[in-house]
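Heads up: numbering here begins at 1 and tracks the sequence.
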Amino acid sequence: MTGDHQTLALVLFGVFVAVTLAITTWVSRHRHGSAEEFYVGGRLFSPMENGFAVAGDYMSAASFLGISGLIALFGYDGLLYSVGFLVAWLVVLFLVAELVRNCGRFTLADVVAARMRERPVRIAAGTSSVTVSVLYLVAQMVGAGSLVALLLGGTSGAAQTWTVVGVGALMVIYVSWGGMRATTWIQIVKAVLLMCGAMALTVLVLVRFHGDFDQLLRTAADRSGHGERFLAPGLKYGGDWTARLDFISLGLALVLGTAGLPHILSRFYTVPTARAARRSVVWSIGLIGSFYLMTIVLGFGAAAIVGSEAVRGSNAAGNTAVPLLALDLGGGADSTGGTVLFAIVAAVAFATILAVVAGITLASSASVAHDLYASLRRRGAKPRSEVAVARVAAAGIGVVAIGLGLLARDLNVAFLVGLAFAVAASANLPVLLYSLFWRNFTTRGAVWSVYGGLLPVLVLVLFSPVVSGAPNSLFPGVDFQYFPLENPGLVSIPLGFLAGWLGTVTSREPADEAKHAETEVRSLTGAGAA
């Protein structure tokens, strides 16, 4: 890229960082130091504000960069990611949003611990939540590195490294200084920027093809190198039965995983009532639905205008398809329009990454402090000391995410998020649904459900093509691949539900029917909710 691209994109990114740091500083001056203020912003956000924040939290680098790149490379099969991410919100709306808001206080573990013995349940749920969050953070770090590699011409590995470190440092600052209130406003600003940027690119793509979507698809197929196969199922997931099972596994993880993501569940606590939580989801569905429809146009537009081979040549995983599309739509690499549009898209993508990592870091640090620390170290710790632990945890989680992000820099960000969704669907969703809907569920069932989903998914990923045995693995030079699927959800999700059932039916401890009745009334009516 030219120096103009680099300078303008970095200036715009610098402006966004300055604005968000100003928001964080302003909020930090008005904070009260309470756990409720730090974790959920005092529950003061309106449904519209929280809906925009939820959308900002959910529309990540995986959506903007990864999904569009997969569509540009694999056509129809890449489009399936968009469908999975969007349909998942129906599960959230109908099954968990209102009930979680009524039953919990700050974290997923609050919902489960309401009718169980707290210590073992909080340790299990907290461990699972941190694992999901770190995997999700890794995807955002990889997106940041890919974007900077493109911005700087793909020649500087050191620049990628320092960018990942810089993003990690900023996310720790956002969370430590501003807590949920600053994080929420950053996500709202980012959601507006992302929607405007995606809308502008979508309009430009459709104008290029005179509004003829059919012509866009045919041109994309012609320039993809795959012909009509580009528009039909099977290019990525249809080669054999293993690929088809991998697709089913991915679909299950995407559709079921959203309802178990800690940073999404924590957003339902930032509004004053369950009705407001439900209205937040309606707002977010409208925004997210519109956005994912636009990613379809952007992905096929990148294939048609830039060409699949050019996208693959820039980044093997396709993470740079949208910035390259913006460059071409603006008039090319040497044009003023191309420079400006590329810089705007790069800055929006940076904003996306920063906002999402702030939300995830806050949720994971809350799990460490509110669930793990409170259970393992100092029971009955004062709220202020718990918040101090959360700030320290944010720094530790940032360090881990930076290290793993540098290791996984060549993997597609949407694919990495798929793994995080698999963990959420396997370990978090079973225990959440059992706690809300099964009268006889016990503490042993809750603990077994979490670990019965978490441990298999981690083991299966370790022995899958993601880690070894394939050219695009984390360690391509070695081969200890024994599990053929890249996404383990097809096996691990049923195991999570099975372990929860097995732990309950073998438990000698009877279910507490009084607590279940109390939880049921609270979940359905909001009576006694925080």
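Side-chain contact between H263 and L362 is absent, with no heavy-atom pair separated by less than 4.5 Å. Counting heavy atoms from C-beta outward, I288 and L86 have side chains that approach closer than 4.5 Å. Counting heavy atoms from C-beta on, the side chains of N428 and S129 come closer than 4.5 Å. D77 is not listed as a side-chain neighbour of F247, based on a closest heavy-atom distance of 4.5 Å or more. Residues I493 and P488 are not in side-chain contact: their nearest non-hydrogen atoms beyond the backbone lie 4.5 Å or more apart. Here the side chains of V491 and F483 are in contact, with some heavy-atom distance below 4.5 Å. Between I188 and W185 there is a side-chain heavy-atom pair separated by less than 4.5 Å. No side-chain heavy atom of N487 sits under 4.5 Å from any side-chain heavy atom of F421.
Between the side chain of S290 and the backbone N or O of G286 there is at least one donor-acceptor pair closer than 3.5 Å.
With sequence neighbours excluded, the residues satisfying side chain to side chain donor-acceptor pair (under 3.5 Å) with T258 are Y58. Applying the side chain to side chain donor-acceptor pair (under 3.5 Å) criterion to S266, with sequence neighbours excluded, gives no partner residue. Residues satisfying the side chain to side chain donor-acceptor pair (under 3.5 Å) test with Y292, not counting sequence neighbours, are S63. Residues that satisfy the side-chain contact (heavy atoms from CB on, under 4.5 Å) test with S133, not counting sequence neighbours, are P262, I360, S364. Evaluation of the side-chain contact (heavy atoms from CB on, under 4.5 Å) rule for V19 yields V15, I23 as partners, not counting sequence neighbours. Residues passing the side-chain contact (heavy atoms from CB on, under 4.5 Å) test with I186 are F16, T20, T24, Y174, A355, sequence neighbours excluded. The side chain to side chain donor-acceptor pair (under 3.5 Å) check on T361 picks up nothing, with sequence neighbours excluded. Residues that satisfy the side-chain contact (heavy atoms from CB on, under 4.5 Å) test with M199, not counting sequence neighbours, are M294.
Pairs of residues two or more places apart, or lying in two chains, that qualify as side chain to side chain donor-acceptor pair (under 3.5 Å) and include a residue from residues 187-199 are D57-Q187, Q187-R267. Identified under the side chain to side chain donor-acceptor pair (under 3.5 Å) test for residues 446-455, with sequence neighbours left out: none. Listed by first and then second residue, the salt bridge (charged side-chain N to carboxylate O under 4.0 Å, His left out) pairs that reach into residues 122-139 are D110-R122, E118-R122, R122-D371, sequence neighbours excluded.
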Distance-only criterion, 3.5 Å: show the donor-acceptor pairs between side-chain atoms of residues 457-466 and protein atoms not counting sequence neighbours.
| residue | atom | partner | partner atom | Å |
| --- | --- | --- | --- | --- |
| S464 | OG | V461 | O | 2.7 |
| S464 | OG | V466 | N | 3.2 |

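Distance OG/S284 to CZ/F291: 14.0 Å, rounded to 0.5 Å. Taken to the nearest 0.5 Å, the CD1 atom of I123 stands 7.5 Å off from the OG1 atom of T127. A distance of 9.0 Å separates OG of S426 from CG of L256, quoted to the nearest 0.5 Å. Atom OH of Y136 and atom CG of L261 lie 6.0 Å apart (nearest 0.5 Å). Note: L287 CG to M59 CE = 6.0 Å, rounded to the nearest 0.5 Å. Here CG of L490 is found 9.0 Å from CG of D246. Values are rounded to the nearest 0.5 Å.
Using modelled atom types, one finds no donor on one side chain facing an acceptor on the other under 3.5 Å when comparing S68 with T295.
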Starting from the C-alpha separation in whole Å, work towards a yes-or-no answer on side chain to side chain contact (heavy atoms under 4.5 Å, CB included) for E49 and W283.
CA-CA 9 Å; E49 290 169 344; W283 271 100; over 6 Å; no
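Residues I71 and I296 approach most closely at CD1-CA, 3.9 Å, considering heavy atoms.
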